[in-house]
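All remarks here apply to the structure that follows.
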Number of protein chains: 2
Amino acid sequence: MISDTNITQAEAAAAQIRTLILNGTFQPGQPLRQEALSEQLNVSRTPLRHALQSLVEDGLVEATDYKGARVAALDPGMVDDLFEMRLLLEPLALKSAFQHHTKLDFAKAEMALDAAEAERQPSKLSALNWDFHHALYRPSNRQTLLKTIEQLNRASALAEVIASSIVARPEKSAAEHRKLLQACRNGDEAGAMSILSEHLRFAHHDIRNREE
Amino acid sequence: MISDTNITQAEAAAAQIRTLILNGTFQPGQPLRQEALSEQLNVSRTPLRHALQSLVEDGLVEATDYKGARVAALDPGMVDDLFEMRLLLEPLALKSAFQHHTKLDFAKAEMALDAAEAERQPSKLSALNWDFHHALYRPSNRQTLLKTIEQLNRASALAEVIASSIVARPEKSAAEHRKLLQACRNGDEAGAMSILSEHLRFAHHDIRNREE
DNA sequence: TCTACTAATATTGGATACAATCATGATTTC
DNA sequence: GAAATCATGATTGTATCCAATATTAGTAGA
């Protein structure tokens, strides 16, 4: 076997459903019936249920026993909570990454940034968004911290999509990312920290102002 | 139907396995074979797999495709990460709760505290622990924030058990909790905040010192 | 003896059939 | 006529069987 990219059907289905949600095809509140979905995605109900369960843990889907699953309807305070947490945790990750400057490697970050500028599909944009941030935080080597931050980013992605913000401000976001990457390259820790915070505050603000 | 306590077999199995892990019956690294477990718990493999998956999302179990699941072996920095995050997020929740003082209700907190003092089983102790903290944070009404904090508490529970800390310091923890509750009752926001932070720092310290 | 390959076994992932639960609408009773 | 009850259909949860993958033991060849 050459490449070990063994993906399970449940994971494939989860990825597809996630895409459908993040691209707005599946609207919040919409019921997700197992049989219909399994037909649509050409998988049996067994892996489909696993997919739904993992999406529940991601916060993209809500489910109740015997009553079925539906696309999550985000509660009002969710966006504020997510960004307040990110504003506390992500600078921490970046700071820790700077302390392992021997491991710093910005190639992946730049790749994600380049790819993002050519991408317009919301689900892929949000994935590349995280790839970029993750590339910067990774040298910190703090797996547990990064796992939590990743969850918060995933949840934010849904909010961004609903607010049509991820497609509305890609250039602005890209510019902020470039500034952030440059500061990291220069070893300007303080500068990078403040750019990151500002970036998160902008994103938060833009999402809020598009909600009605 | 009088009470709507409909529990699914998968959830029941998950609860049982969680108990077995938190009580130390299942040691970290130990493989969890589906067939053996399904016999032991008297459920089929289908709901058992769902249970394992949800435990994976809780961080109590690690799984790899086609290679099976095992009790999570916590990585070295995990404890530090968890408590640094809790130290940032939990005071935030408490502070928000104070701002909704009309909703403050300490009955549940006291009940959890009383029950904890009579309890010696680690899995139940950690559950009551969370019940107490949750009762204090709940008036904040910040569901997303509280969900994240709950995850961090759940993950901490495993670490505490491994460090034999949850059974070693219950009286100390209970005393700290009583002080915290009293400060909240008195409306002493600043005092409560500092007691909470201190409480978390103590817990962190006690876990660290028991690891080898 | 060691390595590479193959076969046999064990274990997990998936498909399908069945049981339990919920939702809807008709029917009965007052 | 309204409310409660029951029956029917729809939907989810569970059990069991089959397929795919990994692991191990064994064998052949150098």
Side-chain angles (χ1 to χ4, degrees), chain A residues 1-21 25-73, chain B residues 1-21 25-73:
Chain A
M1 193 181 303
I2 296 186
S3 74
D4 256 8
T5 60
N6 259 328
I7 203 73
T8 188
Q9 301 222 41
E11 298 171 46
Q16 290 191 58
I17 299 173
R18 183 179 294 118
T19 299
L20 288 168
I21 294 177
T25 309
F26 289 170
Q27 295 284 332
Q30 170 174 344
L32 300 172
R33 295 262 146 49
Q34 295 177 3
E35 191 171 335
L37 260 184
S38 64
E39 281 181 20
Q40 187 172 344
L41 303 182
N42 280 319
V43 295
S44 149
R45 274 184 55 217
T46 304
L48 181 81
R49 290 177 96 255
H50 283 272
L52 287 177
Q53 187 179 348
S54 73
L55 291 173
V56 166
E57 306 292 339
D58 277 0
L60 289 178
V61 168
E62 296 168 336
T64 317
D65 291 348
Y66 288 102
K67 285 188 60 177
R70 51 187 61 233
V71 179
Chain B
M1 191 180 302
I2 295 186
S3 74
D4 257 7
T5 60
N6 259 329
I7 204 75
T8 190
Q9 301 225 41
E11 298 172 45
Q16 290 191 58
I17 299 173
R18 182 179 294 118
T19 300
L20 289 168
I21 294 177
T25 309
F26 289 170
Q27 296 284 332
Q30 170 173 343
L32 300 173
R33 300 260 186 278
Q34 296 176 2
E35 191 171 335
L37 261 184
S38 65
E39 283 182 19
Q40 187 173 344
L41 304 181
N42 281 319
V43 294
S44 151
R45 272 184 56 216
T46 305
L48 182 81
R49 289 182 62 207
H50 283 272
L52 287 177
Q53 186 180 349
S54 73
L55 291 172
V56 166
E57 306 290 340
D58 277 1
L60 289 179
V61 168
E62 297 168 335
T64 317
D65 291 348
Y66 288 102
K67 286 188 59 177
R70 49 187 65 232
V71 179

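Residue numbers start from 1 in every chain, and the chains themselves are labelled A, B, ... in the order their sequence lines are given, proteins ahead of strands.
- For the pair A:Gln16 (side chain) and A:Leu41 (backbone), a donor-acceptor distance under 3.5 Å is absent.
- Considering only side-chain N and O atoms, A:Arg49 lies nowhere under 4.0 angstrom from the phosphate OP1 or OP2 of D:dT12.
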Protein-nucleotides 15-17 of chain C N/O pairs closer than 3.5 Å?
{"residue": "C:dA15", "atom": "OP2", "partner": "A:Ser44", "partner atom": "N", "Å": "2.9"}
{"residue": "C:dA15", "atom": "N7", "partner": "A:Thr46", "partner atom": "OG1", "Å": "2.9"}
{"residue": "C:dT16", "atom": "O4", "partner": "A:Thr46", "partner atom": "OG1", "Å": "3.2"}

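- For the residue pair A:Pro31 and A:Arg70, the shortest heavy atom distance occurs at CA-CB, 3.9 Å.
- For the contact set between residues 32-41 of chain B and DNA chain C, defined by any heavy atom under 4.0 Å, the members are B:Leu32, B:Arg33, B:Gln34.
- What separates CG of B:Leu52 from C1' of C:dG14 is a distance of 16 Å, to the nearest Å.
- Rounding to the nearest 0.5 Å gives a distance of 6.5 Å between CD of B:Gln34 and CG of B:Leu52.
- Protein atom CD of B:Glu11 is 18 Å distant from nucleotide atom P of C:dA20, rounded to whole Å.
- Rounded to the nearest 0.5 angstrom, A:Asn42 CG and A:Gln9 CD are separated by 9.5 Å.
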(request) Step by step, work out the side-chain contact (heavy atoms from CB on, under 4.5 Å) result for B:Leu60 and B:Ile17. (result) CA-CA 10 Å; B:Leu60 289 179; B:Ile17 299 173; over 6 Å; no
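- As rounded to whole Å, 11 Å separates atom P of C:dG14 from atom CG of A:Leu48.
- Contacts of residues 62-69 of chain A with DNA chain D (heavy atom under 4.0 Å): A:Asp65, A:Tyr66, A:Gly68.
- Taking every heavy atom of both residues into account, B:Ala51 and B:Ala13 meet most closely at CB-CB, 3.9 Å.
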(request) For the pair A:Leu55 and A:Arg18, evaluate side-chain contact (heavy atoms from CB on, under 4.5 Å) and give the outcome as yes or no after the intermediate values. (result) CA-CA 7 Å; A:Leu55 291 173; A:Arg18 183 179 294 118; 3.8 Å; yes
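- Distance CD1 (A:Ile7) to P (C:dG13): 12 Å, rounded to an integer number of Å.
- At whole-Å resolution of the value, CD in B:Gln53 and C1' in D:dG13 are 15 Å apart.
- Under a 3.5 Å cut-off, the side chain of A:Gln53 and the backbone N or O of B:His50 do form a donor-acceptor pair.
- The CZ atom of A:Arg49 sits 8.5 Å away from atom OG1 of B:Thr46, with the distance rounded to the nearest 0.5 Å.
- Within the 4.5 Å cutoff, side-chain heavy atoms of A:Gln40 are placed close to those of A:Leu37.
- Distance check: A:Leu48 CG to A:Glu35 CD gives 11.0 Å after rounding to the nearest 0.5 Å.
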